[in-house]
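The structure appears right after this line, and notes come after that.
Chain A is the first sequence line, chain B the second, and so forth, proteins listed ahead of strands; every chain is numbered from 1.
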Amino acid sequence: MWVLDHPSTARTAGLLADTPAALLAVLAIGAAASVALVEVAVLPPPAIGIAVLTAGHGALLATALAWAHRPPATGALAAGVIGLAAAVSRLNAFGPLAYLAPLLLVSVLARGGRLGALGLAGPVALKGVVAGLFIGMFLGGHLLVTASRTVGVQVHLPTAPEALAALAYDVGANVLAAECFFRGALFNRAQRRWSFAAAVTLATAAYVLRYLVDPLLPMRVELVVGAVFYLALLGAINCWLFWWSESLVPGFLSALIFFAVYRVLDPA
Amino acid sequence: MIGVALALAIITALIALVGPEPASLLRHAYLLPVVAAGLRFGLPGGVLGAAAAALLSAPVLLSEIERSGVTSDAAEGLVTLGVLALAGAVSGTLHTRADRHRKRYHTLVAVQRALADDVTLDVALTRLRATLAARLAVDDLALAARDGERLVVAGAERVVPGSVGARVLARGAPAFVGDVGGGVRACRAFVTPLVAGGRAVGVLAVERRGEISFEERAALEALGAHVGLALENARLASRQRQFAAELAEKVAAARRELEELDRAKTAFVAIASHELRTPLTSLQGFSELLAMRRLPPEEVTRLASVMWTEAKRLGRIVSDLLDLSRLERGLAPALCRVPLALEPAIEATADLFRLGAATHAIAIECEPALPAVDADPDAVERVLTNLISNAIKYSPAGSTVRVKAQALAGVVAIEVADSGRGIPAEALERVFEPYYRAPDVAGVAPGTGIGLAVVKALVEAHGGAVRVDSVPALGTRVTFVLPSYAGPVP
């Protein structure tokens, strides 16, 4: 028993310890430089999307890896792979498959037992997977019904390439980076310092904030309110899933399904 | 949980089938699964049940508000949601509190049962740990309690100095650790003192991979105080039982001692009567002869000599008895101390034995210029008489009894040695006890068993000491020391 047979020392580091500040600065400068270069017509306009996407998702994933005690080079590699995938995804219809590369990188690291601190070590219990799928389907279904009944959002079935692109983006960038950072890193650290409720509140608030500043979110009030409601619910439930199953996979699955359903809604 | 989810789904489906109206009467049916969830799973169950009901009714309610604003129907639906939230929270809270009180009561009863038997602290802590671990739903539990200078620990190897447990034990205040490491889920730990008599007599430590709420910590703190008191009571009861057992043992030992003393005194009375009667018989017989017959002067002298010897023997026994009587009353023998030259005193005493039927040779070896001793002449004579008499009694006829005196630092040591049967080792340490006679000499030689006790009392009354060395079959040597007289001999 630790409290009896180990000397008590100040073991808790700061909440933001090990943050790769230099890499984050480089990503931010890169995004700003891309915007500037597009403005002066040195780079084509799609470069902004690639740079911002790389900076956003790359920063989240690199920070999560750094907090899991991976060397800075691993975080830089992850951000680079996301950037490369974002660029390749725009080349042709099968380009989005490049988003599987970040997932592959994380999977390789997890298989080597190097991401245990993010909840990516060892087998996942079946009940966790089932719970994740159920919660994703429940929230997605609820979103579908509520959105279509209240704010008049129409269901738009995407074409196969569109569906593939959206799914690949969520798998390799959007959901992967968000779950790794907000659940595997931020909530994981916070719950060791404060109560479960406080940790859930912090991680969920940060999660909602991340999507509120996302330029892809439609800026209609009712849609923003709905996004806050569902994202808060999804964030809080995924925190509980992570805590309960001791794995990031169930939350990843629930978020993936939720976003897959979200993609079939047409705000227009 | 599945039943609650199923009930919520059925009610939602029925509302959808009948007509999705926010003021549908069927909405009240949500109360049943929500209250059931609260009563089954406590506060989290009640709140989650209400939240699930709100989520399921939201599409109907929100679409009404979106379409027509907050109509009376929508207001009714909103009130219903409020009632559901309240019902879930209240039923859950009540259930949680009742469950907490029930568990606390059962835990206290279990603690009392675990400590009911008369067992050692180690066993009591082990039992207590098993009882509490099963009831507190924790991943690990340890107990440590002071047992004098020792710290008894159950559930851990030891309490390391500088650990949280050691700190709680020293300060007597509980401590909470947010995470002790070891897994994805934070492992909380709480250590609370076991309090008895206003001080920490131990600690109760729990670790759980999950939350330990404020209420649980308060309950654990109260449990620590209760366990401390129960342990202290068990310890006191155990000590009382141990004290009672020790007392009974002492009473039994004292009784055995008294019985032995009683037997010894009975035996002494018999022996003393015999010892007194022997010289009396001689005195009676010889005095009768002198009175009734005319005897030649030589015979008269011989008989008178025998009578004188027997009278001396009688006097010695009576003196010993008187001294013993004083000794048993806690009084020191009465002494009249004067500077005494030892060699003449030894010679005079030896002559007494030589005058009678001399069966043994008595060899005296005194150091030249032996200093005088500060002693009572009568007491010294009685000590020497007792020792020489014993040496003669317990050594074969014809052997030599050696009396030796030598000066040491501030004292004079007198040694009486024989080459007799010796004293068994087991009897050696008891030879100075009153009435004691070694088992192997009873019936072999006459004696009351008080001679050496009187010798010891007389020597110690002079501030001296006496000791016996004996080798069975080789002989016995009794040595006593008396303080030298420092002044001039008058």
Side-chain angles (χ1 to χ4, degrees), chain A residues 1-9 11-12 68 115-122 131 134 138-139 141-153 183-184 187-200 222 225-226 229-230 233 236-237 239-240 242-248, chain B residues 5 12 16 20 44 48 51-52 55-56 58-67 139-144 151 153 155-169 175-191 203 205-207 209-214:
Chain A
M1 170 161 282
W2 188 89
V3 285
L4 295 189
D5 52 26
H6 284 79
S8 169
T9 52
R11 303 169 59 252
T12 311
L115 295 183
L118 291 182
L120 287 171
F134 173 78
F138 177 77
L139 281 181
H142 194 274
L143 169 71
L144 210 59
V145 172
T146 310
S148 59
R149 280 184 59 89
T150 56
V151 292
V153 174
R183 250 62 67 184
F187 169 73
N188 197 357
R189 276 198 173 184
Q191 59 142 350
R192 297 177 195 284
R193 287 157 181 76
W194 307 301
S195 71
F196 175 80
V200 169
E222 63 270 25
V225 170
F229 175 76
Y230 283 104
L233 211 54
I237 291 175
C239 284
W240 176 81
F242 176 76
W243 180 88
W244 172 68
S245 66
E246 300 189 45
S247 171
L248 203 59
Chain B
T12 307
L48 281 177
L55 270 178
L56 290 171
V60 176
L61 187 61
L62 292 180
S63 62
E64 171 75 10
I65 294 171
E66 174 77 13
R67 201 168 44 242
D139 293 304
D140 201 2
L141 185 146
L143 284 154
L151 194 64
V153 184
E157 285 292 313
R158 63 203 175 104
V159 178
V160 172
S163 64
V164 177
R167 204 172 64 220
V168 170
L169 195 59
F176 175 71
V177 182
D179 182 32
V180 298
V184 170
R185 195 186 297 179
C187 185
R188 317 285 197 211
F190 185 66
V191 187
V203 293
V206 296
E207 286 182 4
R209 288 168 62 247
E211 287 299 293
I212 302 177
S213 64
F214 285 111

Side chain, backbone, both or neither of A/His6 within contact of chain B (heavy atoms, under 4.5 Å):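 Looking at A/His6, just its backbone touches chain B.
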
Part of A/Phe229 within contact of chain B (heavy atom distance under 4.5 Å): side chain

Counterpart residues, side chain to side chain contact (heavy atoms under 4.5 Å, CB included), relative to B/Val168 (two or more places apart): B/Val164, B/Ala175, B/Val191, B/Pro193, B/Val203

Engaged part of B/Leu56 at the chain A interface, taking heavy atoms whose separation is under 4.5 Å: both

Contact leader toward chain A among B/Gly155, B/Pro59, B/Gly165, where contacts are heavy-atom pairs under 4.5 Å: B/Pro59

Option in B/Ala144, B/Pro161, B/Ala166, B/Ala142 with maximal non-hydrogen atom pairs under 4.5 Å from chain A: B/Ala142

Test item: B/Arg185 side-chain N/O and A/Glu246 main-chain N/O as donor-acceptor pair under 3.5 Å: no

A/Asp5 (side chain) donor-acceptor with B/Arg158 (main chain) under 3.5 angstrom: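 Judged by distance alone, no pair lies under 3.5 Å.
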
B/Glu207 vs B/Val180 side-chain heavy atoms within contact, under 4.5 Å: yes

Side chains of A/Val3 and B/Ser163 in contact at under 4.5 Å (non-hydrogen atoms):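 Answer no - side chains too far apart.
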
Interface residue of largest heavy-atom contact number with chain B, from A/Val145, A/Leu118, A/Leu4, A/Leu233, under 4.5 Å: A/Leu4

Partner chain B: residue of A/Gly116, A/Ser195, A/Ala121, A/Gly119 with the largest heavy-atom pair count (under 4.5 Å):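 Winner by heavy-atom pair count: A/Ser195.
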
Side chain to side chain donor-acceptor pair (under 3.5 Å) involving A/Gln191 - partner list, sequence neighbours excluded: A/Asn188

